[in-house]
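A, B, ... follow the sequence lines: proteins, then strands. Residue 1 opens every chain.
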Number of protein chains: 2
Amino acid sequence: MSRIPAPERRRALVEAALRVVSQRGIAQATTRAIVAEAGMSLASFHYAFESRDELIDELITTVVAREQEAVLPEFVPGGGLAGILEAGLVRYIEHLKADPEHEQAMLELTQYALRSPERHPLAVQQYERYAELAERSLERAAELAGATWRVPVAQVARVLVAFTDGLTFTWLVDRDDAAARAVAHAAADALSRMADAP
Amino acid sequence: MSRIPAPERRRALVEAALRVVSQRGIAQATTRAIVAEAGMSLASFHYAFESRDELIDELITTVVAREQEAVLPEFVPGGGLAGILEAGLVRYIEHLKADPEHEQAMLELTQYALRSPERHPLAVQQYERYAELAERSLERAAELAGATWRVPVAQVARVLVAFTDGLTFTWLVDRDDAAARAVAHAAADALSRMADAP
DNA sequence: GTGCGACTGGGACGCTCGTCCCACTTCGGT
DNA sequence: ACCGAAGTGGGACGAGCGTCCCAGTCGCAC
C-alpha cells in the first residue's frame with residue numbers, strides 16, 4: 001500500500017463508510033467492512049481515527065455539510081407558486097429514485113444518532129441544515145411566483161422538511177411513484193396556501 | 001422459574017423484545033437482553049424460537065396487527081372536514097408525545113425490515129396496514145363532515161400515512177410541538193382539499 | 001407411582017466485533 | 001548517509017454475539 005497522510009486517509013475512510021452504510025446499512029458498517037471497502041488494513045483505521053464512533057460522527061457531519069439544495073425550484077410558466085413547489089418536489093422524487101440508498105443511509109444515520117444522548121445533537125443539526133436548505137428553496141420559489149409568505153418562512157420550511165421526510169420514507173417502503181407524486185401534489189398545495197399571491 | 005408452555009413463552013418474549021427495542025433500539029435487542037427483560041434463561045429463548053430472526057419477524061407482525069386506529073376522528077363542531085382531520089392529527093401528536101419510544105421502535109423495525117430482501121415484504125405489509133387504518137379514519141371523517149372524497153380514499157390514505165410519518169420522524173428529532181402542530185394543520189388542509197364539501 | 005414428554009438451567013461452542021501492539025518500512029530534513 | 005517521525009501490516013486480545021448441548025426437573029396421563 002502506498003503511503004497516505006492521515007488526514008487524506010480519514011477522508012477516504014469516511015467515503016468508504018458512506019458507501020458501506022448506503023449499500024448494507026449502518027449495522028453492517030464494521031471497521032473491517034469499511035477498511036475493506038477503502039482497500040486498507042485494519043491498523044490504518046485506528047491510525048486515522050481514535051474509534052469507530054469518531055468515524056461515524058465525522059461521517060454524519062461530513063454528509064450533512066455536503067447536502068445540496070436538491071429541490072432548487074425552477075419557474076414553471078403558469079403554474080403559480082403551487083406549481084413551482086410541486087415541480088421542485090417532483091425533482092426531489094427523481095433524485096430519490098436515482099439514488100435511493102443515499103437517502104436511506106441519511107435516514108439510518110439520523111435514527112442512529114437519535115439513539116445515544118451524546119449524538120442526538122448531530123441529528124438536530126442535520127435537521128436544522130435541512131430546514132435551512134428548505135428555507136432558501138421556499139424563498140426562491142416565492143420570488144419566482146411573485147408571492148410572499150404569510151407565515152414565517154422558517155416555519156414553512158419545517159413543514160416542507162416533514163413532508164419530504166414522509167415522502168422519502170414511504171417511497172422507500174413501497175416504491176410507489178404514483179403515490180409519491182400524489183404526496184408531492186398535496187404537499188405543494190398545502191405549502192402554497194401559506195403564502196399570498198401578488 | 002415456573003414452567004411455562006412454549007406458546008405463552010413466545011408471547012412473553014415478543015413483549016420483552018418490544019420493550020427492549022423501544023428503550024434501547026433494535027441493535028441492542030440481543031437474545032441476552034431480551035431474555036433478561038423477560039426474566040428467563042437463554043435456553044428458553046431457543047426452546048420457544050428457532051432463531052433471533054424468527055422472533056424479530058414475529059415481533060414485527062404482532063406489533064403491526066395490534067396497531068390501533070390512533071387518529072380516529074371525532075366531530076368538531078364548525079370545523080368542517082379540515083377541522084376534523086386536524087383534530088385527529090393533533091390527537092396523534094398527543095399519542096406520539098405520550099409514548100415516543102413506541103413510534104421510534106416502529107420506525108426502526110421498518111428500516112430494519114427494509115435492509116434484507118426476505119424481510120422487505122414485512123415492511124410493505126406494515127404500510128398497507130397503516131394505509132388501511134388511515135382509510136377508515138378518512139371515511140369516518142368525511143362522514144362526520146358530510147363530505148365526499150373526490151380522489152379514491154385509498155390514495156388519500158397513502159398521502160395521510162406519508163404526512164404522519166414525516167410528522168413523526170421530524171418530531172422525534174427536534175421535539176418541537178409547535179412545528180408538529182403546523183405540519184398537522186398544513187396536512188389537514190391539503191387532505192381536505194381532496195374532498196368536496198356538501 | 002411411574003414413565004414419558006415437556007420444559008429448564010448452566011455452561012460451552014465458534015464467530016465477529018472494536019481495539020491494540022509491535023516490528024517493520026518509507027520518507028523528508030539535515 | 002542517516003535518523004527520527006510518520007505510516008503500515010499482521011496478528012492477537014477480550015468481550016459480546018447467536019446458537020447449541022445435555023443433564024436435570026417438573027407435571028400430567030395412565
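The one candidate from B/Ile60, B/Leu114, B/Leu122 that meets the side-chain contact (heavy atoms from CB on, under 4.5 Å) condition with B/Leu109 is B/Ile60.
Note: CG (B/Leu55) to P (D/dG18) measures 11 Å, nearest angstrom. Taking atom CZ on A/Phe45 and atom P on D/dG7, their separation rounds to 17 Å, with Å as the unit. Between the CG atom of A/Leu13 and the P atom of D/dT8 there is a distance of 10 Å, given to the nearest Å. Put simply, CD1 on B/Ile4 is 19 Å from P on D/dT25, counting in whole angstrom units. Straight-line distance from the OH atom of B/Tyr47 to the C1' atom of C/dG9: 14 Å, rounded to whole Å. As rounded to whole Å, 15 Å separates atom C1' of C/dC22 from atom CG of A/Leu42. Atom-to-atom, CD1 of A/Ile34 to C1' of C/dT16 comes out at 15 Å; the value is rounded to the nearest Å. Distance, B/Met40 CE to C/dA6 C1': 15 Å, rounded to whole Å.
Remark: side-chain polar atoms of A/Arg181 are not paired, donor with acceptor, to backbone N or O of A/Ile93 under 3.5 angstrom.
A sub-4.0 Å separation between OP1 or OP2 of C/dC20 and a side-chain N or O of A/His46 is absent. Between A/Ser41 and the phosphate of D/dG10, there is no side-chain N or O to OP1/OP2 separation shorter than 4.0 Å.
Of the candidate nucleotides C/dC21, D/dT8, C/dG18, C/dG18 has the atom lying nearest to any side-chain atom of A/Thr30. Residue A/Ser44 places its side chain closer to D/dG9 than to any other of C/dG18, C/dG9, D/dG9. Of the candidates C/dT19, C/dC27, D/dG10, the closest approach to any side-chain atom of A/Arg52 belongs to C/dT19. With distances taken from any side-chain atom of A/Arg9 to the nucleotides D/dG7, C/dG9, D/dT19, the minimum falls on D/dG7.
Counting distance only, with no hydrogens placed and no angle test, the side-chain atoms of B/Arg32 and the base atoms of D/dG18 include a donor-acceptor pair under 3.5 Å. Donor-acceptor pairing under 3.5 Å, judged by distance alone, is present between the side chain of A/Arg3 and the base of C/dT25.
At a threshold of 4.0 angstrom between heavy atoms, the contacts of B/Thr31 include nucleobase atoms, whether or not backbone atoms are also involved.
Two residues, B/Ala6 and A/Gln28, neighbour DNA chain C, and the one matched to the more 5' nucleotide by heavy-atom proximity is B/Ala6.
Put simply, CH2 on A/Trp171 and CD on A/Gln104 are 9.5 Å apart, with the number rounded to the nearest 0.5 Å.
Electrostatic pairing of A/Arg136 and A/Glu67 does not count as a salt bridge here, judged by no charged N lying under 4.0 Å from a carboxylate O.
Using a 4.5 Å cut-off on side-chain heavy atoms (C-beta onward), B/Phe45 and B/Arg32 make no contact.
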